[in-house]
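Here is how names work: the chains are called A, B, and so on, in the same order as the sequence lines, proteins then strands, and each is numbered from 1.
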Amino acid sequence: MNIPKLETGIAAFDLISEGGLPIGRTTLLAGSSGSAKTLFAAQFLAMGILKFNQNGVFVTFEEQVEDIRNDLKSFGWDIDQWESEGKWTFVDGSAKEEDVITIGEFDLSAFRVRLERSIIKNKAQRVVIDSIGSIFTHFPEHNIIRQEMSKVSMTLRRMKTTAIITTERTEEYGAISRYGVEEFLTDNVMILRNVLVNERRRRTIEILKFRGSNHVKGENPFTIVPMKAVVIVPVSAMNLNQHSSSQRITSGVQELDQMCGGGFFKGSIVLVSGATGAGKTLLAANFMNGGKDKNERCLLLAFEESREQIFRNAKGWGQDLEQLEADGFLKVVSNYPEVRSLEDHLINIQDLVQEFKPDRIAIDSISALTRNPSERGFQEFVVALTNFLKHEGITSMFSATTHMLTGGASITEGDIATITDTIILLRYVELTGEMQRSITMLKMRGSRHDAYIRRILIDEEGMRIGAPITGISGLLSNNPIVA
Amino acid sequence: MTNYWIQLFINRNSTTSVGAEENLNAILKKYFPGDYQLEIIDIQEHPDKAEEACILAIPTLIRKWPQPEVRLIGALTVQTRVLAGLGIANVDHLLKQKEN
């Protein structure tokens, strides 16, 4: 049996949860302090109002109502307005200034009455309780509170509301929550994490379990964006069902088109690997310039050079990218890799793509983005990025820098080689006391391709590919032997 | 003019509430005869008032006057603690005053 789900409206979350939160049930959302529990919960209500016309009740045991209203304004949610329209109701259970003394037995029936009344009055379908841990700090009698909160969860169930109850964790990898609330809120559990990796914060969301229902397993990174709130990067939810095109487009270099049997496949991912100065940026510039004939729109994301440097260099190769941009067919965006986290880079690239709608995209270089993050984070980023670009049907060229001048491979390639369709190696080779540049097609999915290692020449007309280097073996392993 | 204004929020369906009402009446009659105003509020009948006062627990006693507000939660089973909570620490002194 599969329990039906309530679409949350938090886009990627509905993907990783395979449809949203279990409908009519309560989900425990656990996270350390600063893990964005309150924001995620509030977004659940806000999306309900904005996208599905479903009203919500927000119970706060922690933050003051006024603070929550103010904090949520930065995401473009006008809580005041929704309150006056009866779409959003606060139930204020936050701690107040006056002293509270407990003498003898008590229950939380007043809270339950208030909650029930707000749900009925508002016809609320979504409820948030933030956070259950705070009510344990209000009242020292934890047995009573546990008992009472379990009654609250039964009330929510009876009222057929889909609810999120947040709870604190003291460590990122350990017990689900403090105070043992998972004993009665056990059916559906999600965890938000905010872990320090290589001096950078990495936020992830994990669905631990949805009883009687499917979901994606494991951690998915997310980031917090102004006006959008929580944006999840669904790595593990990727599906490999993108259609592949047999239509060819020009690489921008005539000889290279010939090498790969008539050009790149439309919508494919091309990886260009090479040491510094081997011609990667040139190839990217050619790729952009190649879009000119058919009026394709091109997006160049530069992480190593400024716009001015790129324009100047391209001029030296006989390509007027500046004019191309002025004509509206090219957009060059130059960024330092360090300005944002990988998740934010990804969101930014997605935004640029949605806005500019390019047919081609070049990223020079993708390895520049490995400067900070963890290896796993980078892999996830590349998977999510290629997934997105393929889905959009954009032909993409990523360049990757190798550390050794001759031979060798970079970590980057190891991570992404398997998900790219075409790999081009640009290598320096030492031949009879001379450094020469070479180009090789290492792989091209779905097509016959040239297998030679060819000389390349770079001059004022750009890149020219010459004859194969013959009679010598071991070139790419940097151990040339004359046959 | 009375010197004490006290609200007691109860839920008529709960046994602890009945106990609290009795305990409080006994204390008030004994220590503050004629000197108090007591308002019993049943949250089943007046959920608005519970909302307004942000009541979570039942029973909850609020000492509205004298200021500052004080809140006592529970069945009010321990007299000395209730008195201390209401701001009267020296009970003997108070009783003597009444006798004179």
Verify, without hydrogens or angle tests, whether A:Asp80 (side chain) and A:Arg69 (backbone) share a donor-acceptor contact under 3.5 angstrom. no
Nearest 0.5 Å please: distance from the CG atom of A:Asn194 over to the CZ atom of A:Arg169.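 So the CG of A:Asn194 and the CZ of A:Arg169 are separated by 12.0 Å.
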Rounded to the nearest 0.5 Å, what separation is found between the CD atom of A:Gln43 and the CD1 atom of A:Ile10?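 These two atoms lie 4.0 Å from each other.
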Given B:Ile6, which partner from the list B:Ile62, B:Leu86, B:Leu72 fulfils the side-chain contact (heavy atoms from CB on, under 4.5 Å) test?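 It is B:Leu86, the one option of B:Ile62, B:Leu86, B:Leu72 that forms the side-chain contact (heavy atoms from CB on, under 4.5 Å) with B:Ile6.
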Quick one: what part of [X] sits under 4.5 Å from any heavy atom of chain B, side chain, backbone, both or neither?
{"X": "A:Val100", "value": "both"}
{"X": "A:Ser118", "value": "side chain"}
{"X": "A:Arg117", "value": "side chain"}

Please report whether the ring centroid of A:Phe111 lies less than 6.0 Å from that of A:Phe61. yes
Do the side chains of B:Lys64 and B:Glu39 get close enough for a salt bridge, i.e. N-O under 4.0 angstrom? no
Less than 4.5 Å apart, side chain to side chain, heavy atoms only: is that true for [X] and [Y]?
{"X": "A:Ser32", "Y": "A:Lys37", "answer": "no"}
{"X": "A:Thr166", "Y": "A:Phe40", "answer": "no"}
{"X": "A:Thr26", "Y": "A:Asp187", "answer": "no"}
{"X": "A:Ile23", "Y": "A:Lys5", "answer": "no"}

Can you say whether B:Thr16 sits under 4.5 Å from chain A via the side chain, the backbone, both, or neither, judging by heavy atoms?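 Side chain only.
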For chain A, which residues of residues 42-60 of chain B have at least one non-hydrogen atom nearer than 4.5 Å to it?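 The stretch touches chain A at B:Ile43, B:Gln44, B:Pro47, B:Asp48, B:Ala50, B:Glu51, B:Cys54, B:Ile55, B:Leu56, B:Ala57, B:Ile58, B:Pro59.
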Taking all atoms of both residues into account, what is the closest heavy-atom pair of A:Trp88 and A:Ala46, and its distance? CZ3-N, 4.0 Å
Do you know which of A:Ala110, A:Ser109, A:Gly104 has the most heavy-atom pairs with chain B at a distance under 4.5 angstrom? A:Ala110
Considering only heavy atoms and a distance below 4.5 Å, find which of A:Leu115, A:Asp107, A:Leu108 pairs most often with chain B. A:Asp107
Inter-chain contacts: residues 125-145 of chain A against chain B, heavy atoms under 4.5 Å: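 Under the 4.5 Å heavy-atom cut-off, A:Ile135, A:His138, A:Phe139 qualify.
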Residues, nucleotides or ligands: over 12 heavy atoms within 6.0 Å of A:Glu105 CD: no
